[in-house]
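Here is the structure we will look at, set down as structure tokens.
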Amino acid sequence: MKLSKAYEPNTYEPEVYALWETSGAFAPTGQGEPYSIVMPPPNANADLHVGHSLETIKDIVIRYQRMNGRDTIYIPGADHAGFETWVVFEKALEKEGKSRFDFSREILYKMTWDFVEQNRGNMELQVRALGVSCDWAANTFTLDKKVVETVYETFKKMWDEGLIYRGERIVNYCTQHQTSFADIEVVFREEKSHLWHIAYPVVENETAAEIIVATTRPETMLGDMAVAVHPDDKKYKDLVGKMVRLPLTDREIPIVADEAVELGFGTGAVKVTPAHDPLDFDIGQRHDLEPLQIIGLDGKITDNAPRKYRGMDVDTARETVVKDLEELGLIRKIEKFEHQVPHCYKCGSVIQPLIMKQWFMDVQPLAQRAKKVVEAGEIKFTPAQKADELVRYYDEMRDWNISRQIPWGIPIPAFQNVADEDDWIFDARVDQAEITVAGKTYQRDNDTFDTWFSSGQWPFITTDFLSGGELARFYPTTLMEHGVDIMRPWCSRMIMFGLYRTGQVPFRNVYLHGMVTDEKGQKMSKSKNNVVNPMDIIDEYGSDALRIGIVMNRSAGQAQAFSVASVVAGRNFCNKLWNIARFIEGQDKNRDIDEPKSLPEAVRSYDEAKVISPVTTGGNHVPKEDGLASPINSASAPTLLPRRSSCLSSQDSSLTLSPSFDSRVAVSCGSALDAPISLADHWVLRQLDTARKTIDGHIKNYRFAEAVDIVYHVVWDDVADWFIEASKINPRPAFLRHVLDIILRLVHPFAPFVSETIWMTLHDDETLLISQKWPEKLIFDKAKAAEFDQIKELVSSVRFITTELPAGKYDLIYEHEPLINENSDLIEALAGLKSVRPTKKGRGMRLAVTDHAAWLDIDEDLLYEHQTRLEMRLVAVREEITNLEKRLSSSGYVDRAPKHLVEETKRQLDDKRTLETRLIAELDVMKE
RNA sequence: GGGUUUGUAGCUCAGUUGGCUAGAGCGUGCGAUUCACAUUCGCAAGGCCGCAGGUUCGAGCCCUGCCAGACCCACCA
């Protein structure tokens with residue numbers, strides 16, 4: 001036997017993947033309508049997390065479309081993940097007792113590059129281990145030359161159009177990482193603090209000697225430039241325009257009226273610190289207040305503050321300021337207060353809103369254009385309501401701070417005149433620290449782009465759309481699939497940039513998956529120590545098991561717990577498929593007995609045609625010398641597929657007529673060998689055909705869990721439990737192989753490794769399942785399939801009764817029943833009966849649920865036990881009849897409900913009444 | 001504060017525009033089995049579909065309110 005006793009995924013998966021890769025099966029064929037997916041590039045420097053196993057979703061789609069003859073490409077990538085990677089790298093530096101300030105930017109960039117290079121291969125091997133059938137030839141790193149060049153073009157275009165500006169803005173600044181963050185990179189945490197009420201003395205005023213402000217950050221008062229009140233606040237009406245003396249300083253600041261102040265909160269008066277609070281910055285802009293920076297980039301009080309406080313960190317300054325104010329008797333009240341405090345999402349330190357000169361992008365022109373497209377439904381979202389969320393987000397978007405103060409990233413191509421700080425020019429010569437243009441000296445800006453600025457251009461960069469490369473036909477891409485968490489930062493920007501640069505949407509469809517949480521529904525995070533490593537799961541259960549387990553029971557956009565139980569179910573499924581194949585292979589050994597050795601002429605001619613068929617990968621099996629290294633546990637060189645390996649070197653083996661396996665031969669030429677004969681044959685074809693159509697519908701509607709469910713059950717329930725069991729009466733290897741052929745194709749997008757392993761092992765030719773066609777419409781006899789339904793029903797009925805009876809084998813007897821007569825062996829075997837034989841007059845226990853005159857030949861005392869069950873069943877049936885009658889007699893139903901439903905209901909009622917009559921008759925007989 | 005979303009079997013979740021007896025996996029109980037598979041087979045039990053109203057011939061699904069949770073956004077000092 002070629003198939004080993006148990007399916008051991010780790011033995012086969014690495015080599016199967018290598019075979020796919022070297023055979024060129026992942027590359028687009030250039031024929032058929034394009035279907036393209038771009039992978040959200042995983043962090044090049046990190047291991048995959050379990051959420052990445054949802055790449056399975058894209059892989060299911062791409063494999064399915066590939067099998068359906070589309071010209072497919074799935075473009076992989078790797079992300080330099082600017083900030084994420086920088087944090088990891090800086091920690092590594094610190095371990096060596098060094099800091100970023102010890103090196104120049106060039107050196108840091110080079111060091112980080114090397115650091116990432118060491119780890120990058122890992123991530124890509126892990127993607128392979130998941131079985132993702134992406135085209136590695138198209139692999140793109142976010143710092144590749146073409147990426148940088150395109151990003152610079154975009155930046156230049158925006159610069160020229162006035163969409164890029166240098167702005168003094170409040171930014172979210174982490175004093176630990178010494179960089180600013182986008183709003184979305186800041187996490188707010190509820191914190192218990194205090195609200196200090198501080199009295200500011202009013203200068204020369206009779207009506208009030210002081211005005212009291214409330215603040216959670218008393219230390220920032222050192223940078224106060226005004227006190228603001230609401231214009232409608234009667235309490236302060238007379239004070240607007242007056243000056244107050246700012247305690248602890250020698251400055252006097254005005255009282256201004258501004259609508260941003262909320263009436264009724266705190267004291268109604270707000271201290272205004274334009275340099276350290278976003279709201280205050282806005283107020284300052286409206287009232288021409290000069291921001292005074294009193295907290296520096298290092299998180300310490302600057303020289304702009306009174307001498308006493310200079311150099312203190314923020315917390316110390318706060319304590320000192322409060323103490324000093326208390327001594328002056330200016331603290332009027334201290335309230336307990338809970339509020340949202342911004343924290344760095346990486347290191348957790350408090351974010352300081354600081355004023356900085358930064359590069360900004362004017363987002364609204366792009367956002368509004370993107371909004372229109374989304375509103376118009378030009379991109380189909382799954383789940384659909386996410387599109388509405390995106391539309392709202394576009395309206396809310398504020399100008400985007402695109403510069404970051406870290407060396408790891410794409411340098412911003414801008415230079416500043418050393419003699420005029422407002423004179424900036426665009427120049428791509430970022431490898432030079434200083435350039436001379438028109439006799440003036442310019443210094444390079446040391447900032448880099450926010451990662452989303454470049455990744456937002458990903459679809460048209462990776463497809464080389466702007467330069468009209470070979471992959472340009474794949475833009476706009478067909479499907480974008482990623483997690484709900486990055487819809488705002490990433491998806492929104494891809495649409496904006498896509499429209500801006502190409503005039504087209506970057507993708508036609510968006511599918512958003514929910515987060516994978518731990519088994520308790522908690523977010524996975526390193527700090528909670530609840531992270532599941534997908535590679536561990538693959539080691540233990542296999543890649544296919546993980547793929548099935550992660551997709552099973554998961555619906556779009558919903559967060560869902562990772563479930564080992566589902567993975568186990570996936571593994572068991574693979575094992576089931578494996579054993580179906582083993583069984584069929586075992587039957588195959590005996591094929592000489594019932595099949596002619598010489599193949600029909602039609603088969604021969606088909607096989608010749610096959611050689612030039614684009615579907616097969618015939619001549620492409622040229623393994624690279626070094627290309628077969630296995631992604632995981634490469635140490636144990638698999639012993640699988642010995643024959644396949646030898647095939648690889650035999651270039652013309654596809655010309656040899658294979659006597660064994662390709663059942664498409666039979667499908668297409670109508671060979672009698674694998675045509676359906678028995679009732680079970682017709683029935684299983686019907687089940688498979690229904691499954692095929694249902695899966696088509698589910699994939700089209702992005703309902704992957706449902707598709708998996710169908711595959712799971714058609715293979716396990718229909719094929720294994722019924723068809724194969726039934727076929728044991730009279731096994732016909734050719735037809736069994738035909739069925740196996742179909743299920744392997746149906747299974748392949750979902751569990752590619754095990755299906756391919758079986759395919760390759762049982763095929764003597766060089767074909768790969770990955771390149772086969774998805775099953776087409778299957779031909780079967782409906783009446784015969786329905787007859788098998790009846791047999792199934794009969795068998796289930798017998799099983800139901802006999803499990804309740806004392807252990808032992810029973811006889812089934814029947815009156816003039818041709819169906820039973822012709823299938824008595826089958827029924828006997830499936831139902832575990834002693835015998836099935838005809839009789840003139842039935843006796844014992846009549847099988848109530850079927851239409852057939854069949855009885856279990858049992859003793860009277862057993863019969864009595866069964867009487868109760870029949871009576872219970874009669875009660876249930878009568879209840880159903882009452883319900884149906886009620887429905888049919890209700891005034892509106894017959895008139896208003898769809899006709900077919902009404903017909904259906906009537907038919908049901910008839911059926912139930914028939915059943916009722918029969919039950920009554922049987923009970924009468926029993927009582928006699 | 002605003003928005004989104006969830007509540008269905010012991011657990012994790014499906015249930016498409018309202019329409020047959022509300023399903024799956026795992027778990028549970030009973031039984032079987034050396035012949036592809038104990039990663040097996042058969043049978044079964046288990047549901048006021050969060051609560052209360054409403055619309056409808058008909059509601060797990062639509063509407064209103066309430067209870068309980070999750071997530072996102074936001075400048076309440």
Side-chain angles (χ1 to χ4, degrees), chain A residues 1 3 5-7 170 183-184 188 195 213-217 220 228 260-262 265-267 269-273 277-283 337 339-340 353 383 385-386 388-389 392-393 396 484-485 487-488 514-515 517 519 521 523 541 545 549 552-555 557-566 568-587 697-698 701 703 705-706 709 712-713 720-721 724-725 728 796 799-804 807 831-832 876 879-880 883-884 887-888 890-898 900-901 904-905 907-908:
Chain A
M1 233 187 218
L3 292 168
K5 174 107 173 123
Y7 177 60
I170 289 271
D183 289 349
I184 44 182
F188 283 83
L195 195 57
V213 297
T215 182
T216 52
R217 303 193 57 195
T220 62
V261 179
E262 193 182 333
F265 184 88
T267 62
V270 186
K271 55 192 277 312
V272 180
T273 321
D277 183 280
L279 175 68
D280 293 4
F281 180 83
D282 291 345
I283 295 176
F337 192 71
H339 65 145
Q340 299 285 324
Q385 68 270 21
K386 286 288 168 187
D388 305 332
E389 186 185 328
R392 264 178 268 122
Y393 176 63
E396 290 165 9
V484 284
D485 55 332
M487 182 182 80
R488 286 162 181 247
M515 298 294 96
T517 63
E519 303 233 16
K523 248 188 194 170
Y541 301 101
M552 200 178 243
N553 282 349
R554 185 173 295 273
S555 60
Q558 285 309 124
Q560 210 210 306
F562 176 78
S563 154
V564 174
S566 295
V568 169
R571 180 205 53 184
N572 293 354
F573 172 78
C574 294
N575 184 63
K576 181 50 95 172
L577 185 70
W578 184 258
N579 277 290
I580 290 171
R582 287 190 75 223
F583 172 76
I584 292 176
E585 192 203 357
Q587 298 303 312
H698 285 325
N701 293 311
R703 302 183 77 86
E706 286 85 341
D709 195 62
Y712 184 97
H713 288 287
D721 288 347
I724 288 197
E725 290 307 318
K728 285 178 179 171
S796 291
R799 284 173 178 171
F800 175 72
I801 294 163
T802 52
T803 46
E804 299 285 313
E879 201 174 311
E880 286 168 30
N883 285 338
L884 291 170
R887 190 182 305 168
L888 281 170
S890 80
S891 56
Y893 182 71
V894 178
D895 303 333
R896 295 189 211 179
H900 71 271
L901 270 176
E904 181 72 33
T905 310
R907 211 174 316 132
Q908 275 172 19

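Below, read A as the first sequence line, B as the second, and so on, with proteins coming before strands; counting in each chain starts at 1. Here the structure is a predicted model, which means the values were calculated and not measured.
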Any residue meeting side chain to side chain contact (heavy atoms under 4.5 Å, CB included) with A/R571, in chain and number order, not counting sequence neighbours: A/Y541, A/A545, A/V568

Set of salt bridge (charged side-chain N to carboxylate O under 4.0 Å, His left out) partners for A/K576, sequence neighbours left out: none

Spacing between A/K728 atom NZ and B/rU40 atom C1', to the nearest angstrom: 10 Å

Rounded distance in Å between the C1' positions of B/rU21 and B/rG47: 14 Å

Results of side chain to side chain donor-acceptor pair (under 3.5 Å) for A/R703 - residues two or more places apart only: A/E706

Sugar-phosphate only, base, or nothing, as touched by A/I724 at under 4.0 Å among non-hydrogen atoms: base

Spacing of the C1' atoms in B/rU56 and B/rC61 (rounded, Å): 13 Å

Residue closer to the 5' end of RNA chain B, A/D280 versus A/A6 (nearest nucleotide): A/A6

Gap between atoms OH and P, on A/Y7 and B/rC37 respectively (whole Å): 18 Å

5' priority, RNA chain B, between A/L195 and A/C574 [closest heavy atom]: A/C574

Nucleotide nearest A/T803 (side chain, heavy atoms from C-beta), chosen from B/rU4, B/rC43, B/rC13: B/rC43

A/L279 side chain, from C-beta outward: closest of B/rA77, B/rC37, B/rA24: B/rA77

With sequence neighbours excluded, residues passing salt bridge (charged side-chain N to carboxylate O under 4.0 Å, His left out) with A/K728: A/E725

Closest to the A/V270 side chain, choosing from B/rC43, B/rU6, B/rA77: B/rA77

A/E396, nearest nucleotide to its side chain (from B/rG15, B/rC73, B/rC37): B/rC73

Sugar-phosphate, base or nothing in reach of A/T215, heavy atoms under 4.0 Å: sugar-phosphate

Reported CD1-to-CD1 distance for the pair A/I584 and A/I724, which is rounded to 0.5 angstrom: 4.5 Å

Side chain of A/I580 - closest among B/rG25, B/rA36, B/rA77: B/rA36

Shortest side-chain distance from A/R488, nucleotide among B/rC73, B/rA36, B/rC43: B/rC73

Side chain to side chain contact (heavy atoms under 4.5 Å, CB included) involving A/Q558 - partner list, sequence neighbours excluded: A/S555

Separation between the P atoms of B/rG69 and B/rG46, rounded to whole Å: 31 Å

Dot-bracket notation for RNA chain B, counting Watson-Crick and G-U pairs under 3.5 Å, with | for partners on another strand: (((((((..((((.....[...)))).(((((.......))))).....(((((..]....))))))))))))....

A/D721, nearest nucleotide to its side chain (from B/rG42, B/rA77, B/rA24): B/rG42

Euclidean distance for P, B/rU12 against B/rC48 (whole angstrom): 16 Å

Sugar-phosphate, base or nothing in reach of A/D485, heavy atoms under 4.0 Å: nothing

Sugar-phosphate only, base, or nothing, as touched by A/T216 at under 4.0 Å among non-hydrogen atoms: sugar-phosphate

Integer angstrom distance from the C1' of B/rG29 to that of B/rG10: 13 Å

Sugar-phosphate only, base, or nothing, as touched by A/Q385 at under 4.0 Å among non-hydrogen atoms: sugar-phosphate

Nucleotide nearest A/R703 when distance is taken to its side chain, options B/rC43, B/rC75, B/rU16: B/rU16

Touch class at under 4.0 angstrom, heavy-atom based, for A/A705 against every strand present: nothing

4.5 Å side-chain heavy-atom contact, A/Q560 and A/S566: no

Same-atom distance (C1') from B/rC13 to B/rG54, integer angstrom: 30 Å

Integer angstrom distance from the P of B/rA32 to that of B/rU17: 47 Å

Any A/M552 side-chain heavy atom under 4.5 Å of A/Y712 side chain: yes

Candidates B/rA77, B/rA36, B/rC13 - which lies nearest the side chain of A/Q560: B/rC13

Sugar-phosphate, base or nothing in reach of A/R799, heavy atoms under 4.0 Å: sugar-phosphate

Any donor-acceptor N/O pair under 3.5 Å between B/rA14 base and A/Q558 side chain: no

Contact under 4.0 Å: A/K5 side-chain N or O vs B/rC37 OP1/OP2: yes

Under-4.0 Å side-chain N/O to phosphate OP1/OP2 contact, A/R554 with B/rU12: no

A/S555 side-chain N/O to B/rA14 phosphate OP1/OP2 under 4.0 Å: yes

A/R582 with A/E585: basic N within carboxylate O range, under 4.0 Å: no

B/rG18 and B/rU64, which share atom name P, separated by this distance in whole Å: 16 Å

